Structure formats: C-alpha cells, structure tokens
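Note that the coordinates shown come from a computational prediction; the quantities given were computed from them, not determined experimentally. Atom set for the values below is all heavy atoms of this structure, side chains included, hydrogens, waters and symmetry mates excluded.
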Amino acid sequence: MTRFFAPAAASRLKSRRLTRTSKLVVSSPTYTVTATAYQAVPGQTDDEPFVTADNSRIKPHYGSKKRWMALSRDLLKPWGGRFKFGDKVRVRGISPKLDGVYTIHDTMNRRHRHCMDILTHVSEKFDIFQKGVKIQKVEEVDLAYAKL
C-alpha cells in the first residue's frame with residue numbers, strides 16, 4: 001500500500017540540521033596587566049613583522065577585529081607563566097570597543113613584565129597605554145548539539 005503525504009506533512013518529516021554549540025568558560029585566575037597596542041611594522045616587531053611568535057601569519061588587511069594579542073614572557077608557559085600560544089583570553093578594562101576575547105599568538109620583548117599588546121592596523125590610529133586591565137584564560141566548552 002502506498003502512502004501519500006500532503007505537502008504540509010511532508011515538510012514536517014524533513015530531517016533537521018544539527019549544529020554544534022559552544023560556550024566560553026572562565027578557567028583560571030585574573031591577572032592585572034598594562035595594555036598597549038602594536039602594529040605589524042618593523043619598528044615595533046622583529047625583522048619579520050607578519051610572522052608571530054607561534055608562526056601564525058598576519059594577513060596584509062588585518063585589524064583589531066582579528067582579536068590577536070601578544071603577552072609578556074613572564075605570563076607565557078615557556079618562561080614560567082600560565083598562558084600558552086593559542087589560548088583564548090578575556091580582556092576587560094581597555095574600552096568597550098576593545099574589551100573581549102583575544103587569542104594569544106605573539107610575545108613581547110623580554111624587558112616587559114605583566115603586559116599585553118593588542119594587534120591593530122596602522123590605519124586604526126589606536127594609541128593605547130592602559131594600566132589595570134584584567135585578563136583571564138577562557139576555554140571553549142561544547143554544550144550539545146542544537147536542532148535548527
């Protein structure tokens with residue numbers, strides 16, 4: 001026996017797409033640092049301004065919306081700190097426009113201690129020197145699969 005479905009009933013029988021959802025969760029203590037901004041230019045970096053310390057490549061049309069940052073060595077694991085390259089860090093206390101979650105891709109000169117640098121483009125004209133900025137490591141946690 002053959003069954004026929006009305007168009008409305010057939011649309012209800014279509015499979016639903018599942019998408020993965022995630023949430024950022026705080027997973028470490030808060031650190032107080034001094035925040036500054038830098039650009040990928042030879043005067044502010046080494047002789048390869050478009051290559052970060054973790055060998056990531058900065059594209060020519062980068063900007064602050066990319067949300068990349070550099071940390072001083074005292075905060076990075078290879079030098080005894082708690083953060084490592086690729087970690088996501090929640091930043092609060094710079095400005096409403098620049099606060100948010102950044103990814104660590106670079107390190108600062110060894111003379112800096114308890115500092116962070118936000119990657120910005122030269123055309124953005126950011127001049128940041130902000131003391132008392134709070135940073136915390138965050139992790140992305142899979143919540144479940146949501147139906148669409």
Side-chain angles (χ1 to χ4, degrees), residues 7 10-148:
S11 66
R12 282 187 300 229
L13 294 176
K14 288 182 182 175
S15 65
R16 293 185 174 193
R17 268 189 344 188
L18 298 177
T19 60
R20 198 171 134 214
T21 60
S22 60
K23 180 180 181 180
L24 293 176
V25 178
V26 175
S27 66
S28 73
T30 302
Y31 294 87
T32 304
V33 299
T34 300
T36 55
Y38 79 105
Q39 292 85 34
V41 294
Q44 296 182 26
T45 61
D46 58 9
D47 57 346
E48 290 187 76
F50 291 104
V51 179
T52 63
D54 70 348
N55 285 322
S56 296
R57 302 245 176 226
I58 299 170
K59 294 187 177 172
H61 300 291
Y62 69 93
S64 62
K65 291 182 181 180
K66 186 79 170 164
R67 301 289 183 170
W68 282 16
M69 70 183 291
L71 276 182
S72 56
R73 294 177 186 210
D74 63 320
L75 297 172
L76 289 168
K77 276 195 180 179
W79 295 276
R82 300 190 89 174
F83 297 96
K84 62 181 189 267
F85 294 119
D87 282 350
K88 295 198 180 299
V89 178
R90 181 175 311 279
V91 177
R92 294 174 303 187
I94 301 173
S95 73
K97 183 177 180 179
L98 294 174
D99 287 355
V101 177
Y102 287 80
T103 306
I104 302 169
H105 285 284
D106 215 345
T107 187
M108 299 173 74
N109 189 293
R110 67 177 50 127
R111 72 177 176 269
H112 298 288
R113 301 197 45 82
H114 271 73
C115 293
M116 63 169 281
D117 245 349
I118 294 173
L119 179 66
T120 62
H121 194 270
V122 177
S123 66
E124 290 179 301
K125 307 280 189 227
F126 281 115
D127 186 23
I128 300 169
F129 184 84
Q130 184 70 40
K131 292 184 177 184
V133 173
K134 307 291 184 189
I135 62 171
Q136 275 183 305
K137 181 178 173 183
V138 294
E139 291 185 14
E140 208 169 340
V141 178
D142 289 335
L143 295 177
Y145 282 88
K147 293 180 185 178
L148 287 180

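- Rounded to the nearest 0.5 Å, atoms SG (C115) and CZ (F129) are 7.0 Å apart.
- The shortest distance between side-chain heavy atoms of V133 and V91 falls below 4.5 Å.
- Contact between R110 and R73 at its shortest, heavy atoms only, is NH2-NH1, 3.7 Å.
- P49 and A40 make their closest contact through O-CB, 3.4 Å (heavy atoms, listed as atom of the first residue, atom of the second, distance).
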Subject >> side chain to side chain contact (heavy atoms under 4.5 Å, CB included) between L75 and H114, worked out >> reply: CA-CA 7 Å; L75 297 172; H114 271 73; 4.0 Å; yes
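- For the side chain to side chain contact (heavy atoms under 4.5 Å, CB included) with L71, the qualifying choice from D87, D106, I104, V33 is I104, the only one to do so.
- Put simply, CZ on R57 and CD on E48 are 7.0 Å apart, with the number rounded to the nearest 0.5 Å.
- Of all heavy-atom pairs between K84 and K77, the closest is CB-CD, 4.3 Å.
- The shortest non-hydrogen separation linking D99 to I94 is OD1-N, 2.9 Å.
- Nearest heavy-atom pair across T32 and G132 is CG2-CA, 3.6 Å.
- The shortest non-hydrogen separation linking P29 to R82 is CG-NH1, 3.2 Å.
- The main-chain N or O of V122 is never found under 3.5 Å from a side-chain atom of Q39 such that the two would form a donor-acceptor pair.
- Taking 4.5 Å as the limit, some side-chain heavy atom of F126 sits within range of a side-chain heavy atom of L98.
- The ring pair (Phe, Tyr, Trp, His ring centres under 6.0 Å) pairs that include a residue from residues 47-68 are Y62-H121, W68-H105, where partners are two or more places apart or lie in different chains.
- Taking OH of Y102 as the start and CE of M69 as the end, the distance is 8.5 Å to the nearest 0.5 Å.
- Note that the NE2 atom of H112 and the OG1 atom of T36 stand 7.0 Å from one another [nearest 0.5 Å].
- Atom CD1 of I58 is separated from atom OG1 of T45 by 8.0 Å, given to the nearest 0.5 angstrom.
- Between I135 atom CD1 and R92 atom CZ the span is 10.5 Å, to the nearest 0.5 Å.
- I118 is not listed as a side-chain neighbour of Y38, based on a closest heavy-atom distance of 4.5 Å or more.
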